[in-house]
Amino acid sequence: MTDIATKRNFRAPYFGRGVRVVENKKALENLLKDDTIDKDKLAQYCSFHPLPAMYRVLIWKILLDVLPVHQQSHKFVMKQRCEQYEDLHHALKVMRKIDDKTSRPHIYLSAYILETGQFGLHLYHEKWHDLFLDISSSVCKMTDDNVDGYWLSVNIYETFSGYFEKNDEHEMTFCQAFSSVLKKESPKLHEHLSKIQALACLPYKRWFIRCFSGTLQTDGGLERVWDVLISGYFTFLPFVAVQILLTMERRLLRLENIMGILDALNEIPYEEEVGEVIACKGVDLWQRHAAKNSGK
């Protein structure tokens with residue numbers, strides 16, 4: 001009787017969600033009240049709960065070591081960060097590397113190259129520049145503040161690229177995990193993609209390396225994906241890739257050639273709701289598999 005009533009009431013799954021959001025926000029605010037913020041607890045929170053937009057930049061700066069865990073030092077450290085960015089910006093103008101028409105992402109890239117002493121080494125466009133520009137372009141849509149934008153771009157880039165540079169096997173492991181999870185979640189889609197020899201041609205390697213920058217949009221799921229990755233949980237990546245395919249499953253099953261599949265994936269819907277669905281369901285998928293593997 002109860003099951004039938006619940007099925008009929010389509011609003012039932014949403015009951016209590018507002019209460020949970022308020023409770024989660026209070027829990028986060030309590031973490032941020034401590035004189036010394038517990039980064040481990042903060043990272044754990046980010047992996048389980050979406051961050052309120054009003055706190056995201058602050059929390060990312062703490063997790064990425066742009067700001068220290070000691071609250072009393074925040075004002076001083078940000079003053080130093082601001083002066084450092086302004087010095088870099090001024091130097092680039094004097095060197096005529098940037099002008100008033102230079103975009104924010106390209107200013108950040110030039111500042112990073114100058115800060116790391118690479119101007120003599122990187123006179124021309126290099127492959128890693130594209131990743132930096134992808135990340136900084138997304139960051140610029142999240143904050144209007146140039147100082148926050150620069151330091152977040154730099155530290156997110158170093159975190160994401162550094163993860164794969166430290167171990168070449170990460171990419172291979174994620175590719176294997178992607179195929180395995182897809183086969184479990186949708187044997188039909190996995191078989192179809194294998195049959196038309198499209199499985200090995202999917203752009204998931206690019207998705208992993210770029211951490212979905214340029215694939216998912218800001219205000220459309222990318223922030224939620226980055227909440228998890230900035231918290232250090234890179235094993236989350238294959239599950240987002242699988243969720244993209246599951247979200248597009250019906251369309252992909254109708255396509256009978258590799259080019260059609262790739263064209264479809266290059267046109268991942270940009271609507272905010274679709275990106276949020278991919279991110280949220282990707283988190284659920286990741287946590288569900290993690291629970292199974294832990295024997296829960």
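All figures in this text were calculated on a predicted structure; none of them were measured in a lab.
Judged by distance alone, the side chain of N146 and the main-chain N or O of G149 form no donor-acceptor pair under 3.5 Å. Judged by distance alone, the side chain of S136 and the main-chain N or O of L133 form a donor-acceptor pair under 3.5 Å. The closest donor-acceptor contact from the side chain of H74 to the backbone of P68 lies under 3.5 Å. Side-chain atoms of S213 come within 3.5 Å of backbone atoms of R210 as a donor-acceptor pair (strictly under, hydrogens ignored).
Atom CD of Q80 is surrounded by more than 12 heavy atoms from other residues, nucleotides or ligands within 6.0 Å. Within 6.0 Å of CD on E83 lie more than 12 heavy atoms contributed by other residues, nucleotides or ligands. Heavy-atom neighbours of M95 CE from other residues, nucleotides or ligands within 6.0 Å: above the threshold of 12. Under a cut-off of 6.0 angstrom, the local environment of CG in D35 is sparse, with at most 12 non-hydrogen atoms contributed by other residues, nucleotides or ligands. By the neighbour-count criterion of 12 heavy atoms within 6.0 Å, atom CG of D99 is densely surrounded, having more than that number from other residues, nucleotides or ligands. No more than 12 heavy atoms of other residues, nucleotides or ligands lie within 6.0 Å of NZ in K281, so this atom counts as exposed by the packing criterion.
Note: L285 CG to F236 CZ = 9.0 Å, rounded to the nearest 0.5 Å. Expressed to the nearest 0.5 Å, how far NE2 of H190 lies from OG of S180 amounts to 8.0 Å. Residue Y163 holds its OH atom at 11.0 Å from CZ of F208, rounded to the nearest 0.5 Å. Rounded to the nearest 0.5 angstrom, L193 CG and L245 CG are separated by 6.5 Å. L262 CG to L255 CG: the interatomic distance, rounded to the nearest 0.5 Å, is 10.0 Å. Taken to the nearest 0.5 Å, the CD1 atom of I278 stands 9.0 Å off from the CZ atom of F212.
Between the side chains of S73 and H70, no donor-acceptor pair is found at a separation under 3.5 Å. For the residue pair Q84/Y150, the side-chain donor-acceptor check at 3.5 Å is not satisfied. With 3.5 Å as the limit, one finds no donor-acceptor pair spanning the side chains of Y85 and R81. Side chain to side chain, S137 and D134 fail the donor-acceptor criterion of an N or O pair below 3.5 Å. A donor-acceptor contact closer than 3.5 angstrom is absent between the side chains of E249 and H192. Y112 and Q118 share no donor-acceptor pair across their side chains, judged by distance under 3.5 Å alone.
Linking ILVMFWY residues whenever their side-chain heavy atoms come closer than 4.5 Å, directly or via other members, places Y55 and V283 in the same cluster. Linking Ile, Leu, Val, Met, Phe, Trp and Tyr whenever their side-chain heavy atoms come within less than 4.5 Å puts L42 and M54 in one cluster. Following chains of ILVMFWY side-chain contacts shorter than 4.5 Å, one cannot reach I258 starting from I244, and the two form parts of different hydrophobic clusters. There is no path of hydrophobic side-chain contacts, each under 4.5 Å, that joins L28 to F48.
The aromatic rings of Y45 and H49 are tilted relative to each other, their planes meeting at an angle between 30° and 60°.
Between R288 and E185, the closest side-chain pair of non-hydrogen atoms falls below 4.5 Å. A heavy-atom distance below 4.5 Å is found between the side chains of L216 and V240. K79 is not listed as a side-chain neighbour of F76, based on a closest heavy-atom distance of 4.5 Å or more. Contact check for V57 versus M142: no side-chain heavy atoms found under the 4.5 Å cut-off. Side-chain atoms of I230 and T159, non-hydrogen and from C-beta on, never get closer than 4.5 Å to each other. Taking the side chain as every heavy atom from C-beta outward, W128 and S161 never approach each other to under 4.5 Å. Looking only at side-chain heavy atoms (C-beta outward), Q71 and D34 stay at 4.5 Å or farther from each other. Annotation: side chain of W286 is in contact with side chain of Y233 (closest heavy-atom distance under 4.5 Å).
The minimum heavy-atom distance linking I261 with L252 is given by the pair CD1-O, 3.7 Å. Residues F239 and G282 come closest through the heavy atom pair CB-O, 3.9 Å. Summarising the geometry of W226 relative to C211, their closest heavy-atom pair is NE1-O, 2.9 Å, with the distance given to 0.1 Å. Summarising the geometry of L63 relative to C46, their closest heavy-atom pair is CD1-SG, 3.9 Å, with the distance given to 0.1 Å. Annotation for V77 and V66: closest pair CG1-O, 3.5 Å, computed over non-hydrogen atoms. Considering every non-hydrogen atom in both S179 and L199, the closest pair reads OG-CD2, 3.9 Å.
For residues 224-243, the set of pairs meeting the salt bridge (Lys or Arg N to Asp or Glu O under 4.0 Å) definition, not counting sequence neighbours, comprises R56-D227, R224-D227. The stretch residues 146-163 participates, sequence neighbours left out, in these salt bridge (Lys or Arg N to Asp or Glu O under 4.0 Å) pairs: K61-D148.
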Residue pair F174, F164: steps toward the side-chain contact (heavy atoms from CB on, under 4.5 Å) verdict: CA-CA 11 Å; F174 289 163; F164 288 99; 4.0 Å; yes
Step by step, would you call I107 with K97 a side-chain contact (heavy atoms from CB on, under 4.5 Å)? CA-CA 9 Å; I107 290 174; K97 297 293 184 181; over 6 Å; no
Before you tell me yes or no, could you show the steps for W207 and L237 under side-chain contact (heavy atoms from CB on, under 4.5 Å), namely the whole-Å CA-CA distance, both residues' side-chain angles and the distance that decides it to 0.1 Å? CA-CA 8 Å; W207 292 345; L237 284 169; over 6 Å; no
Q243 vs D284, side-chain contact (heavy atoms from CB on, under 4.5 Å): CA-CA, chis, key distance, verdict: CA-CA 10 Å; Q243 189 57 52; D284 292 341; over 6 Å; no
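With salt bridges taken as basic N to acidic carboxylate O contacts below 4.0 Å, one links K93 and D100.
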